[in-house]
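Below, each value reflects all heavy atoms present in this structure, side chains not excepted, and no hydrogens, waters or symmetry copies. Protein chains get the first letters and strands the later ones, always in sequence-line order, with residue 1 at the start of each.
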Amino acid sequence: MKRSIAAVLGATAAISLVLAGCSSGDDDEGSAGGPQTLTLAGWSFATTPEFKTLADGFHATHPDVTVELKEYDAANYDTQMVADLAAGKAPDIYAQKTLKNFYTYQNGKQLVDVSDVAAALGDKVGGIANYQADGKTWAIPYRQDSWVLYYNKALFAKAGVKPPDGTWTWDDYATASKALTAKLGGPKGDYEHIWQSTVQGFALAQTSGASIESGNFAYLKPYYDRALDLQNSGAQVKFGDATTNNLTYQAQFGKQQAAMMVMGSWYVATLLKQQASGDADKFDWGFAPAPQLDKSTTGTSATPITFGDPTGLGINPKIGKGKEATAKAFLQYAAGPDGAKALAGIGITPADTDAVKDTFFQLQGVPQDDLSKFAFTAHDTKPENPVSKYTAALQNILSDLHTAVMSGSKDVNTAITEAQNRAKNEVLNK
Amino acid sequence: MTLLEAPPLDSRVSLDPPRARRKSRYRFLGYAALIVAAAAILLPFYWMVMSSLKANNDVYTIPVQWLPDPVVWRNYLDIWQKSDLTTWLRNTLILSVAVTFLQVLTGSFAAYGFAKVRFPGRNVLFLAYIGTLAVPWQSYMIPQFILFSKLHLSDTLWSIIALQAFGAFGVFLMKQYYETIPDELLDAARIDGMSEYGIYRRIMLPLSVPALASLSLLTLVTTWNDYMGPLIYLRSRDLWTIQIGLKTFVNTYNAEYALIMTGSVLSVLPIAVIFLLGQRYFVEGIASTGLKG
Amino acid sequence: MTSLPLARRRRGRQVLRNTAVGWSFLLPNFVGFAVLTLVPVGLLFYYAFTTWNVFGGAEWTGLANVRQMLHDASFRTALVNTLYYTVFHIPLTLVAALALALLLNRRLRGVAFFRTVAFFPYITSIVALAQVWNMLFSPGYGPINAFLRGVGVANPPGWTTSADWSMPAVIVVGTWREMGYYMLLFLAGLQTIPAQLYEAAKVDGANAWQRFRAVTLPGLRPTTFFVVVMLTIGSFRVFDLILVMTNGGPGQSTLVLSQYIYQKGFVENQFGYASAISIALFLICFVITIVQFVINRRGSDS
């Protein structure tokens with residue numbers, strides 16, 4: 001009996017020793033000059049090779065700098081990053097995974113001013129304006145995805161429906177989808193993934209005067225009416241069935257369950273990989289500019305309007321003073337032409353697409369038609385999450401609107417009115 | 001009526017013929033009900049096992065495929081190569097055993113203090129214990145993380161042990177159980193000159209085997225299935241537990257559903273085996289130690 | 001005359017000794033608990049009155065967060081949804097768990113297997129479980145609606161994809177998942193009831209129902225109390241089940257408080273406000289728990 005108490009006390013003492021004992025501080029190493037190590041946060045390294053590509057590429061040009069990668073959970077990246085930053089143990093450089101959370105980091109003073117890097121890069125880098133606040137630049141985009149329309153050339157040929165030619169509006173898209181569904185008798189005309197951006201991203205980007213921060217969401221209505229019509233006519237899988245059956249867009253398009261799909265440009269690399277590994281069927285495909293609101297922005301002489309958030313790199317203010325310059329050099333490399341080429345070589349859409357067109361289209365399996373090349377380079381890409389202190393809260397409200405409308409729980413007008421009231425009462429006039 | 005019948009701890013019931021026949025009919029109905037219920041309860045697990053035997057793209061289909069065709073046994077080989085399942089299982093096992101041991105030990109110890117020793121401030125303190133249970137972890141996760149980081153606990157297995165081992169749950173559970181043990185028994189021991197520690201060790205512990213077994217199992221399962229704790233605290237790959245490993249596996253191979261289900265099945269099996277082996281302890285306690293009420 | 005202060009002094013010494021002994025029992029657990037849980041939780045009570053953003057900046061704003069809460073329609077929705085879940089989930093789970101425990105506390109062939117089966121939903125990964133249930137509930141293709149259509153229900157509910165039916169669907173799954181967990185506690189509780197009491201009741205001619213009322217239920221009182229308190233707290237804090245099944249949707253139909261706290265904190269970076277909501281949730285839970293304590297004490301005294 002006495003022994004068990006002793007054991008308990010012993011264990012407690014041991015734990016408290018562990019708690020108190022190893023409290024040696026970890027000092028910043030690395031003064032200017034000499035070998036340096038930068039730490040870089042990323043996610044899912046097995047399937048997201050871009051971080052390693054950038055780290056290796058930078059090491060090749062700066063042999064005395066090693067970039068060490070720190071892996072975070074893809075789905076909980078921001079939760080983990082917020083915790084690490086709050087505890088002061090985050091890596092030197094960390095990616096801004098979504099634009100939605102940029103305000104949190106910027107406003108929380110967790111980013112170093114990198115205006116000098118931005119000035120050196122000039123205006124060739126797409127999406128840089130999204131990271132500007134208070135007259136300064138706080139992160140540098142290294143990739144800029146844009147949403148395009150993927151289509152299955154084989155299924156179009158089988159159905160005898162005219163494939164996209166760059167002149168499509170959303171009405172053309174809907175007509176084609178219904179025709180495909182009727183003729184194919186099995187695969188659907190299109191697949192619309194369950195994300196709110198598949199509807200709202202386009203509505204926000206393409207409607208002139210539309211803004212999330214205005215609290216006026218009437219611009220969403222035509223886009224929802226069309227999505228609901230496609231879903232009710234059976235030309236696309238219903239939202240409820242897609243959510244309850246956990247449908248993946250990769251399988252829906254890759255396994256030829258749908259002939260068309262709007263999706264971000266990141267899917268090019270995924271599809272190439274899945275076709276090579278056998279996870280996707282082997283079929284002839286291409287991508288076209290996303291369908292437009294009206295004819296004014298269609299055709300290869302105009303610039304199609306689409307949306308997409310950049311992915312940027314920011315510097316942790318806790319970085320040692322001696323390493324800050326090196327970290328800025330890394331950012332400049334990642335967003336500059338060398339980084340862009342390296343990224344395009346693995347199928348990533350860098351922030352500067354024009355410079356890397358040739359590299360990108362040399363990849364094994366990339367469609368070679370002119371429309372795909374046009375779609376890759378020509379786009380006016382608006383942000384899905386325009387940066388403001390209200391964005392995250394308003395996007396949550398719009399997400400509720402999306403699930404309510406698409407599941408048929410509320411009609412479009414009611415849902416929009418409710419969302420506007422919530423935006424006014426809970427966010428804008430708080 | 002079968003549902004409500006008291007536990008027949010004395011199995012030698014009178015055996016006059018008509019009652020026996022009625023009893024066997026009830027028994028049959030009871031079994032039928034049990035089997036139906038068991039089938040319903042096992043359905044998701046059945047789906048998990050079947051999915052783990054499917055080719056990857058047959059997992060999520062419309063309509064649902066209830067039988068794998070063809071049966072793919074390869075998944076059970078592939079998963080060991082594609083993931084660090086061995087490391088994950090080992091870490092999870094270490095954590096679960098350590099947490100369970102500490103939780104049961106300190107929990108039952110503290111519960112004795114709360115249940116059987118009268119001292120001022122006892123009830124207030126106990127309420128503080130229960131109170132913390134009512135605060136959602138997400139809300140104090142960050143302050144706790146900062147604290148743990150200051151103590152250099154984060155990114156070590158110790159963090160999860162510290163996080164889980166001193167919870168209020170075990171104290172509360174054991175206290176409730178100890179309160180059913182009559183004070184007279186303790187007073188008799190005290191008069192015999194036994195110290196409080198002796199009473200805890202010689203009387204309370206042997207009498208509370210079912211509760212200790214329940215607490216052990218529940219703590220084990222909670223630690224085993226914990227996701228958010230390891231997610232926040234364990235960043236190094238070689239420290240990952242089964243839940244965080246599986247989830248990352250899901251994110252990495254987000255299209256490899258069959259393999260994900262294989263991993264899920266393998267993550268459940270150890271617990272199921274432990275339960276099956278240990279389940280008799282939950283129903284053998286006071287009745288078998290012969291305490292007079 | 002002199003015996004009175006002596007007795008008091010002796011009692012005083014006794015109290016002191018008891019306190020020392022009591023604390024010696026608590027200490028191993030309490031040290032860990034106080035440092036690792038009580039301190040961070042205590043901080044929340046401060047953050048709840050600030051505009052804390054986790055990166056250090058916490059500006060004192062007094063009752064501003066409370067005022068915001070009072071005017072926040074989403075908070076009200078989350079609160080109502082949480083109550084909705086709680087009110088149904090507690091009694092359903094309680095009854096199911098107790099029934100299972102009584103059924104499986106017997107010497108049946110294969111009872112070990114059935115006990116394990118009953119516990120299975122609790123140990124099965126919540127992701128797999130949400131997946132399966134969502135497919136079962138799938139409005140267009142799921143077996144549940146196929147069955148309903150088969151028996152002549154023209155418009156079966158949309159379950160997790162319908163604002164009216166998503167909460168019932170979540171309650172069903174929540175109950176189904178947790179009943180094995182609480183069954184285990186009831187099984188342990190049943191062992192504390194001396195067999196002699198049942199024999200005595202039988203001798204008095206009590207039937208099974210009367211024995212259940214007069215022996216089983218009173219004997220299970222401490223266990224039941226524990227189960228009810230844990231169920232209450234668990235229901236108010238329900239989080240991961242909702243997250244994986246409906247993520248609060250469609251619309252806000254299954255938005256619950258702990259999810260709202262996560263949203264406000266980690267997504268919108270309003271940790272101060274999130275802390276205030278946590279305190280509100282804590283207070284609600286705490287008041288209910290104290291009421292349960294009082295009722296329990298009154299019951300056990302009588």
Describe, in one word, how the ring planes of [X] and [Y] are oriented to each other, choosing from parallel (under 30°), tilted (30 to 60°) and perpendicular (over 60°).
X	Y	value
C/Phe119	B/Phe275	parallel
C/Phe293	B/Phe172	parallel
C/Phe30	B/Tyr129	tilted

Please look at [X] and chain B and tell me whether the side chain, the backbone, both or neither of the residue comes under 4.5 angstrom of a heavy atom of that chain.
X	value
C/Ile123	both
C/Ile277	neither
C/Ile233	side chain
C/Phe266	side chain
C/Phe226	both
C/Thr289	side chain
C/Val227	neither

Just how far is it from atom [atom1] of [X] to atom [atom2] of [Y], taken to the nearest 0.5 Å?
X	Y	atom1	atom2	answer
B/Glu196	C/Asn18	CD	CG	7.0 Å
B/Ser214	C/Met183	OG	CE	9.5 Å
C/Thr232	B/Leu133	OG1	CG	11.5 Å
B/Thr132	C/Leu36	OG1	CG	11.5 Å
B/Asn123	C/Arg297	CG	CZ	5.5 Å
B/Leu217	C/Leu185	CG	CG	10.0 Å

Can you find a heavy atom in the side chain of [X] that is under 4.5 Å from one in the side chain of [Y]?
X	Y	result
B/Pro210	C/Leu187	no
C/Arg237	B/Val135	no
C/Tyr46	B/Pro143	no
B/Tyr140	C/Leu43	no
B/Phe119	C/Val21	no
C/Asn29	B/Phe109	no

For the interface with chain C, which of B/Arg118, B/Gln243, B/Gln103 has the highest count of heavy-atom pairs at distances below 4.5 Å?
B/Arg118
Among the options B/Met141, B/Gln144, B/Gln138, pick out the one with the most heavy-atom pairs lying under 4.5 Å from chain C.
B/Gln138
Please classify the contact of [X] with chain C as side chain, backbone, both or neither, using a heavy-atom distance under 4.5 Å.
X	result
B/Leu147	side chain
B/Phe126	side chain
B/Val171	side chain
B/Leu125	side chain
B/Tyr46	neither

Under 3.5 Å, is there a donor on one side chain and an acceptor on the other for B/Tyr197 and C/Ser24?
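Yes, C/Ser24 and B/Tyr197 have a side-chain donor paired with an acceptor closer than 3.5 Å.
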Assess whether side-chain contact (heavy atoms from CB on, under 4.5 Å) is satisfied between C/Trp52 and B/Ile142, documenting all intermediate values.
CA-CA 11 Å; C/Trp52 181 44; B/Ile142 295 284; 4.2 Å; yes
Pick whichever of C/Phe114, C/Tyr262, C/Phe286, C/Trp23 has the most heavy-atom pairs under 4.5 Å with chain B.
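Top option by heavy-atom pairs under 4.5 Å: C/Phe114.
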